[in-house]
Structure formats: structure tokens, C-alpha cells
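Okay, handing you the structure first.
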Amino acid sequence: MGVFSNSGYVSGLRVAMLGWEFPPFVSGGLGTHCFELTRALSALGVEIDFFMPKTSYDIHQPWLNVYQADWILLKPGEMQLDILPISYSGYSGESTQLQFNARRLAELATSPGQSKSYDLGFFEAVGAYNHLAALLVQKKHCQKPYDVVHVHDWISAKAGIRISARTGLPLVSTVHSTEYDRTADTWPFDWILGVEKDVVRNSDQVITVSKRSAQILFDKFGANSRKVNVIYNAIDSSKFPKHKETILDSNGKKTKIVLYHGRLSVQKGVEFFLKAAQKVLSKDPQVKFLISGKGDLLPKLVEMAFDLGISENVMFLGYVSDDQLKRILCTSDVLVLPSVSEPFGIVALESMASGTPTIVSKTSGVSERVKNCLTVDFWDTDEMASKILSILSYDSLYEDMRENSIVETESITWDDVARQTVDVYQKAIRSRFAAKAAMAMF
Amino acid sequence: MAKVCLCFHVHQPIRLSRFSYFGIGNGDAADLDARYFDNGMNQHYFNKAADQCYLPTNRILQDLLDENRGKFRFSLSITGTLLMQAKKYRPEVIESFRNLCATGRVDVLDETFYHSLSSLYSDMSEFEAQVRMHNQLVRDLLGVAPQSFRNTEAIYSDRIAQAVEGLGYKAIITEGVDHILGWRSPNYVYRPQGCKDIKLLMRNYKLSDDVGFRFSAKSWKEWPLTADKYATWLSATPGQVINLFMDYETFGEHHWKDTGILAFLSHLPEQAHRHEDLSFSTITEAAQSFEPSDTLSVPSEISWADAERNTSTWLGNRIQRACFSELESLLPKLRKANDAELWDVYRRLQTSDHLMYLSTKGMSDREVHNYFSPYKDSGPYDNFISFMNIISDFKNQVDCKISKAQDAVQSESPSRIRGN
């Protein structure tokens, strides 16, 4: 196993990390997180094999090995369909689905050795990925042992639990969000909740991205507080341009722009953003509101903007890439993160890194981490509007927030995240040793 | 023989309400006191400080004055905003301060009534007006006439010293800032640059902070600090005057009663008197007893606040400077409106605490500078928004008053002409 030193540098610590995304294959913040975290861990001397689903991208980075779990990586006879990781429980309506999944997987498994993309439904794909990744990690572990297995979110949880049970490797899981957050506590999907609960229970150490997120694990999953660690997300500030660009209106006046960026879902509180927009416009009818991102709430939001009589001042941008977001931030005067329930909210760090004054809801994890933003209750649209108007009206506030946001985000680094993560690995390894030693005594 | 000058800073701001951008009106509001000030919060804080500090500490000081028959003396620096709130919420606090003063052995220092930064305005007349108001208030409520001066948070410069000398004061006290004193000691009397008569006393921050900041710090190597040990330190301190200037709330609020702080205070005179080389004195008496040993030049402002010992606690960032200059620029309008209620509100808005709550010092390393802020769940930006919204609304109130007055003059004029 790895050697830990006081300076935080570790040599030879080997980690099998499992995640659903890795750039350029990204759909949310998880991919960026894995990219930055592994790079910083590697700088501390950690060796990382990263296991992700099969994608159409060829993914290579110098600081880690990326394995896309694919049939071709497994030889015939290594497929063990008797221990399919998919085990639905407590959700009766899913039983037929389960049989279907099992059958499809069985069909796929009859032709191992060929590269295949997951031509499956989402849950089947997750099941297949977990199954394959678990086998692959075990195989690699036999060749050259790992010290820790680290999984991100429920989506790679089953594999982590399997690997840990089979190999005795300590399991570390990062819970980036829970099903309660993603559904704003309305209609959470029981099966996913079950997986989340399972991985928290089976992990030697759990990482959450905020205290509020840790609290959900205590309250809803009965997690043991001794094994839950809060490690906030970080930002590579250098990737964000700090200058501002002005867009002039037809009268040659600067257009004031307020931005929302994120998924359009109930969890994100975009409706409150629109209600606040209406109030802002009652005082300053020239302000423009940009809503970037996609999601199932889009039709409802478009309709709502129309009903509020503000559709002329609200623009829906649809999907916006990371590079486009950086440009949009340069032209924005305020970013609002109005989330009802947000484990972290990395867009707030991105906004601050670009020097855009930022307002976040008190129910976001990022509000615990940063000081140079304003906070509001997501439902208090009067206060949200008052704060937006204040930033737009008072230059001194805009300038101080802008300057201090940039300074603050420069100190929120992935190097710190990596150091804290190594501490968690150490704890996980120690607790396994302690458990083994205790077992040996009896 | 060194004179020990104990001086207590007694202050409470009149705290502001939270004020939304949507609250900014067009200027015809009634009852500005209720509109801008959180009097429920003010009463709460005042009662707390009165019960934990003012009344019990005054009782100890009264006993010490009575027991030591002339040998125990000290100075008080009490702000107008405190006295006004005491009058409103707890008149017995005024009574107990008045009794201390009645012994004739307590010196009250003057300052600006509102604990404001008006000494930094380019036009000094507002500063002088607030000092005169304070002087009158102390005479009225405490029955003594101040002769020495302490500016808000010990903010000091040659310019301020000259203005204070112009008002006829005998002494002024400020912080014994290292870079001003250089090789010199704070324990002597000085003369401000450009002044002829007034004397300058310097606070001994090390010995003051031993009590004010460090008294209850168990990690401090001198903990626990006893009156006996402290008196020995005083006796071993070379010089003529040792100015121990501390926040009155040191006693019972910043250090709770169970730290032994009140017992420390009540034993200090008897322990000090065991040293023949120590005697107590007021600021005014000490200034009169010694001739200046040197002239000190302080071209730019110093204060006793923060590590920087300058005005950056109140004017360190843009949001603070914006509020400060908005307020300063309102002065001509207030004169034009000439309305007693507006003057009172205007001056209460100038209290330096409102600006201190906007300090962003140490924000990037997450060490927030808001120990004294009553708005615990909000930071400097929130405090700014609320304060600036109030200033914006107040500006509209002043403008409204001015235009109403002009309308009245205009509508009156024709009838006068007819009358003539």
C-alpha cells in the first residue's frame, strides 16, 4: 500500500475510481469533478485507474489510466451472470423491468469479446456498467493490488459494494447528490434511494460536498457521523476570464444582464428566479434575464414568463457548453442560483471566478463555503429581487463583490480537495486494518 | 511616580433595521425613527449590556471611589447614542453614571455625540456641531463639564488635534501607535504638531489589551491575570502616565463575570496602592501635571482599531466609502431642509458602527470581521444593501422636505406681495 507522509504526499497509493463521466464525456458537474480531482490526486503521488462506461470517445490523460468498461476487456468465462448486480427491491412496479434487464444482459453476454456500446435503456446501461466495471476492477486488482476503491454517486455504487465485498478493499464513496435533492423531495425514486442507502452503509468512509448534504445522509439514511466527511468542491479559477464585456442596447446604454445557469428542474428553483425577475422589472424595466440550460421544466417556464408578462425580457438559451458559459459570464452582471435543494452548486464558484457578483440560495452547499456572495431564501423572491436590484444599482457593491469573488475563488483549489481526499483514504484504510485486527483477536 | 489613567469607552450604536430596495420611497414617509431603526433590537442589546456590564460595573466603581477616599480616579468616554438609549430604556443607568461623576473624581471626555466619522469630513463644522451637542448632553445628564477629548475610536491626526484645540480642550487621547511613536514611549505627555496648548496622551495598547483582549484567554501564558500581578507590571512600567483605555463592556460582556474580571477590577486599586510609585489620575489631571516631552506629527489618520491602526475598519473598501461619501454629500441638503427630525436621523446614520458592519477585511480567508455585528446571519454585503437603501430613501425624504418648503415659499409669496 501507499506510503503517507506529513507533507500530504503519498507514493504508491493505488486507487480504483469509478465514475459515470469523464471529459470530454460529460453531462453534468460530475465529469469535471473527476477530472480535476484525479489530476490533483496524481500530483500528490496517488495512482489512479478510472473506470467509466463505454463511450464513443477515446479518453487519455497523462495522470491516470481510463478504462471504459467494455466487453472486449473481459475474456470469455469471466462473465458471471449469476451475480448480476441488478437487484430491484421495494418497488413492485419494476419487477417486469427487472426480468427484461436480465434477459437483455444475458443476450449481450452470449457474445463476449466484442466491443459494444450500451444499446440499452438507462437503467440497463447502469446495470451493465456496474457489472462490467466490478469484474474489471477485480481482475486488475489480482494483477496489481489497489489500496482503495472510490465510487462517485449511486450510479457506480453497486460495483463499489461488490468489489469491496469480494476483495476486502476499503470502500470510499462520494455522494455528490441524493435522490432527495434531485427530486426536491417530491417523488424520489425508491430504487435509487435504496442504492444510495446501501452504498452509504457499506462504505468505510463517505464524502459529501457540503454539511447540508451530510445532514441528509444522517437524517434520511441514518449514516454514522464518524464516517461522513465534508469536502467542498473547488475551482480552477485560471480557466475563467476575468474581464467584462458590455452589450449596448439600441440607445447606446449598457444592458444589465442577470443570469441563471443550470438544469431546468424543480430542484433548481428556476420558477422563483422568474418571479424575482418580474419584481426587478417593476423597478427597472430594461434588465434582461438569461436562462441557460435544458430540462423538463422548460415548457412550463416559457409559459410562466409569458403569464408574468416578462417574456420580452427573458431569454431561454437552451444547452450551453462550458466555453459558451464562460463567454456569457463575461457579459453578465449577476448570477443567481435559486436552488430549492442543492448539495453544492459549482456554477456559483464558476460565476465568482469570472468576477460576476453571485446570489445563492441558503439551501445550497456552496453558501457554506464562500463568503463573497449574497444569500437568500429561495422562496423569498422580494429579497432576491432587492438584492439583484442593489447589485445593479450600486457600483461600489458590484465592484467590491466582483473583486473579492475573484480573490476568494483563487484560494478554493483542487489541491486542497485532493489533500482532504487522501486523508479520507487513510481513514478508510486504517479502519479496515483495525477491523481486521479486531477480528483476528477472536 | 507614574500616574495610572484608567479610561472606559462606553458606547452603544442605534442599530438600523433591515431595509429592502423596494422600501425606497418617494419621500413622504412619517416617523423616520421607526422606519430606519430597529428599536426592538436596540432595547434588547441595551438591556443586556446594562444588566451584565453597566450597572454591576458602575456599582464596583462607586464602591472603589467611596472606599479609596480620593485616591481612586478615572475617566469615562460615553457616547451620546448610549446616553440617549439609557434615558429611553434604563434611566437608572444614567443615574448611576451621574452618581459616579458626583464624587468629583471622575472625568468625562467629550467626543462626537453620535460616535461618527465627521472628523474626516472636509468641512469640519458638522464635527464641531456634534462635539458641542455631546458637551451639552453630558452637562445636562451627568452634571459635569468635559475638558478633555477622545475622538471616535481614537481616530486622530494633526488636523483633528488642531480642530479640537480650537474648541478649547486641554487634552486629547489617541492610540500609542508604534510607527508614530517610533523610539518614544506612550507613557509620556506629548504636543500635537501645529498646536500650542493642547496636550496629547497615548494609549498603552499592550497593557490595555492585556485586560481588554487577553484577560480570559487560557492559552495566554500570563493567564490567569490577577490584580496583584497586573499592579506589579504597572509599577515596573517606566514613564509618567500609563493610559489604560478599554471598552467598558470588557467588564461583564466581553469577559463574563465568571472569568473573574469584575473581581480583578475591584482589587486593582488596593493592589496598585501597595506600590508607592503608582497613583490614579484622570486624563485631564494627568495632562495638567506634565509638560510635553516632545511634539508628535500625525499627518494621516490613526485609530485604535484592527492591526492596521488606521481608518480602514470603516473606510477600507468601496462599499464603506460609498456610504460615507453619500452621507457627507447630504450635508448641504440638510442645512437647506433645516428640519429637526431630519437632522437627528441624519446624525444617527453617521454612527461609525454602521460602516464597521460593512468591513470585508479577512473575508477571503473566511475569518469574518463581524464579532460586534448584531446582524449575525448576514454579511457585509447584506449590511451594505440595507444601509445604502436607507440612505437612498432618506435622501428622498430630505429632497421631499426641501421641495415642500420651496412650494410653501412660492405659494406664500404672492399673498405677501398682495398684502404689501
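Letters go in sequence order (proteins before strands), and every chain restarts at 1. Note that the structure is a prediction, hence the values are computed from the model and not measured.
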Legend entry - Which portion of A:E410 sits near chain B, non-hydrogen atoms under 4.5 angstrom: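 Answer is neither: A:E410 stays 4.5 Å or more from chain B.
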Legend entry - Residue B:F384 versus chain A: region with a heavy atom under 4.5 Å: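 The side chain, not the backbone.
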Inset, instruction - Heavy-atom distances under 4.5 Å only: say whether A:L374 touches chain B with side chain, backbone, both or neither. - result: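 It is the side chain, since no backbone atom gets that close.
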Inset, instruction - Apply side-chain hydrogen bond (donor to acceptor under 3.5 Å, both in side chains) to A:K242 and A:S237, showing your working. - result: CA-CA 9 Å; A:K242 319 288 180 205; A:S237 174; 2.6 Å; yes
Inset, instruction - Please check if the distance between the ring centroids of B:W314 and B:H354 is under 6.0 Å. - result: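 No.
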Legend entry - Contact origin within B:I24 toward chain A - heavy atom pairs under 4.5 Å: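 Contact with chain A: backbone and side chain both.
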Legend entry - Side-chain ion pair, A:R419 and A:D416, N-O less than 4.0 Å: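 A salt bridge links A:R419 with A:D416.
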Legend entry - Nearest-0.5 Å distance, OG of residue A:S332 to CZ of residue A:F289: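 These two atoms lie 11.5 Å from each other.
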Inset, instruction - Give, as side chain, backbone, both or neither, the part of A:T409 having an atom under 4.5 angstrom from any heavy atom of chain B. - result: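 The answer is neither part of A:T409.
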Legend entry - Per-residue contact mode, A:S405 against chain B (heavy atom under 4.5 angstrom):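 Neither part.
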Inset, instruction - Using side chain to side chain contact (heavy atoms under 4.5 Å, CB included) as the criterion, list what pairs up with A:N251, not counting sequence neighbours. - result: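 Scan of A:N251 (side chain to side chain contact (heavy atoms under 4.5 Å, CB included), adjacent residues dropped) gives A:D249.
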